[in-house]
Amino acid sequence: MTEKEPLMALIHRTDPDFRVCQISFDTLLAIQLEAEERSWATRWTSVDALRSQVKDGDVVLQALMGLGDSKSPSESHS
């Protein structure tokens, strides 16, 4: 029996897990690589695409999705 991946739900600015963080470019690359390895949706199609679109240096990152619960996304954010 395989374990299901947790559901992902949109994060809204009023949610307790809403975060905006300043991270290094290397951390952003690591996030992209992990997302690719796990077959998660990514903002960029590849690390090369990320490098061509994002300037090397500190980056502001806002999470758009987080672990959901058993409710549908619309129920969990009402």
Side-chain angles (χ1 to χ4, degrees):
M1 182 168 159
T2 60
E3 196 173 310
K4 286 186 175 182
E5 287 286 324
L7 295 176
M8 300 295 283
L10 288 177
I11 297 174
H12 299 275
R13 61 185 164 86
T14 56
D15 292 343
D17 55 350
F18 175 82
R19 300 283 186 274
V20 176
C21 305
Q22 183 174 342
I23 62 172
S24 70
F25 186 77
D26 288 339
T27 300
L28 183 61
L29 287 174
I31 291 169
Q32 172 72 22
L33 286 170
E34 181 178 358
E36 288 177 19
E37 290 169 4
R38 294 176 180 247
S39 298
W40 289 347
T42 58
R43 169 62 182 91
W44 295 274
T45 55
S46 67
V47 168
D48 289 336
L50 186 156
R51 287 183 186 277
S52 73
Q53 295 176 19
V54 179
K55 183 179 173 185
D56 194 353
D58 287 349
V59 178
V60 175
L61 179 70
Q62 173 189 338
L64 298 177
M65 304 203 63
L67 293 179
D69 55 19
S70 59
K71 300 176 187 176
S72 71
S74 60
E75 291 175 323
S76 64
H77 297 290
S78 51

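Positions are given from 1 along the sequence.
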How far apart are the closest heavy atoms of Thr45 and Glu36, and which atoms are they?
O-OE2, 4.3 Å
Gln32-Trp44 side chain donor-acceptor pair, cut-off 3.5 Å
no
What distance separates Leu28 CG from Cys21 SG, expressed to the nearest 0.5 Å?
12.0 Å
CD1 on Ile23 to CD1 on Ile31, rounded to 0.5 Å
4.0 Å
Taking all non-hydrogen atoms of both residues into account, name the closest pair between Asp56 and Phe25 and its distance.
OD1-CB, 3.3 Å
